[in-house]
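Below is one structure, written out as structure tokens, with a few remarks after it.
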Amino acid sequence: MNEEGRIFILTVFQTLKTKTARLLEPIVQAEGLTPLQASVLLQLACRDAAVGDISEATCMGQANASSLCKKLEQGGFLTRSRGRSDGRVVTLSLTPVGRETAERIQKRLDHFLELIDALPEGARQELNQGFRAAEQMLDYLFEQTKGDQDLC
């Protein structure tokens with residue numbers, strides 16, 4: 001890949017990160033959360049999960065995921081309980097406050113989905129294909145660099 005291609009890829013990564021943060025941060029900051037904390041709440045709104053599941057879904061180490069979940073527990077958003085059959089497994093569940101918070105965040109995020117739904121069908125298909133391609137590329141890069149450093 002030539003220098004122009006390298007710069008393009010790095011610029012796209014940074015632009016996606018920055019613009020996503022600009023969209024999401026006002027929504028989650030209104031709830032006193034970070035985007036990552038909000039992501040955990042939204043995942044738990046779908047189903048209870050183990051810390052390991054959250055670690056994998058958020059692409060962060062298990063110790064960091066555990067620390068993040070402890071902060072959410074201290075904030076009254078979730079409860080942590082040890083598994084009955086395996087005490088090493090910590091299951092996370094939303095509290096009523098956590099569920100209400102997740103619902104408010106989801107309602108605000110639904111506005112983005114409505115805007116996307118309003119696009120012409122061809123544009124929506126192109127976006128979906130682009131997102132899938134970007135995800136495949138990132139998965140490929142993670143897979144190829146697993147041993148190099150802890151990227152995920």
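Remember, predicted model here, so these are calculated numbers, not experimental data. Numbers for residues simply follow the sequence, beginning at 1.
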Are F131 and L115 co-members of a hydrophobic cluster defined by side-chain heavy atoms under 4.5 Å apart? no
side-chain hydrogen bond (donor to acceptor under 3.5 Å, both in side chains) involving E25 - partner list, sequence neighbours excluded: none
When you check the gap from the basic side-chain N to the acidic O, do R124 and E121 get nearer than 4.0 Å? yes
Kindly give the heavy-atom pair with the smallest separation between L78 and C69, and that separation in Å. CD1-O, 3.7 Å
Can you confirm whether F8 is buried at CZ, in the sense that more than 12 heavy atoms of other residues, nucleotides or ligands lie under 6.0 Å from that atom? no
Nearest 0.5 Å, please: how far is CG in L94 from OG1 in T79? 8.0 Å
Nearest 0.5 Å, please: how far is OG1 in T34 from CG in L24? 10.5 Å
Cluster overlap L127 with L23, hydrophobic side-chain contacts below 4.5 Å: no
Smallest heavy-atom separation, R108 atom then A30 atom, equals NH1-CB, 4.4 Å
Rounded to the nearest 0.5 Å, what separates atom CG in D110 from atom CD1 in I116? 11.0 Å
Taking C-beta and beyond as the side chain, do R47 and D53 meet within less than 4.5 Å on heavy atoms? yes
Is there a donor-acceptor contact under 3.5 Å linking the side chains of S39 and Q43? yes
If you take all heavy atoms of L44 and A49, which pair is closest and at what distance? CD2-N, 3.7 Å
So with a 6.0 Å cut-off around CZ of R22, is the heavy-atom count from everything else above 12? no
For the side chain of T95 and the backbone of F77, is there at least one donor-acceptor N/O pair under 3.5 Å apart? yes
Validation row: E31, L41 side chains within 4.5 angstrom (heavy atoms): no
side-chain hydrogen bond (donor to acceptor under 3.5 Å, both in side chains) involving Q129 - partner list, sequence neighbours excluded: none
Partner residues of I7 under the side-chain contact (heavy atoms from CB on, under 4.5 Å) criterion, sequence neighbours left out: E3, T11
Given side chains that start at C-beta, do those of L72 and L92 come closer than 4.5 Å, heavy atoms only? no
Between the CZ atom in F112 and the CG atom in D117, the distance rounded to the nearest 0.5 Å is 13.5 Å
Contact summary for S55 and G61, nearest pair of heavy atoms: OG-C, 3.5 Å
Closest heavy-atom contact between M1 and R6? O-NH2, 3.0 Å
Side-chain contact, heavy-atom cut-off 4.5 Å: V28 with Q37? no
Out of curiosity, I9 CD1 to M137 CE, how far, rounded to the nearest 0.5 Å? 6.0 Å
Hydrophobic clusters here meaning ILVMFWY residues chained together by side-chain heavy-atom distances under 4.5 Å, can you tell me if L10 and V12 are in one? no
Give, for atom CZ of R104 and atom CD1 of I27, the distance between the pair rounded to the nearest 0.5 Å. 13.0 Å
Using side-chain heavy atoms (C-beta onward) and a distance below 4.5 Å, is T101 in contact with L33? yes
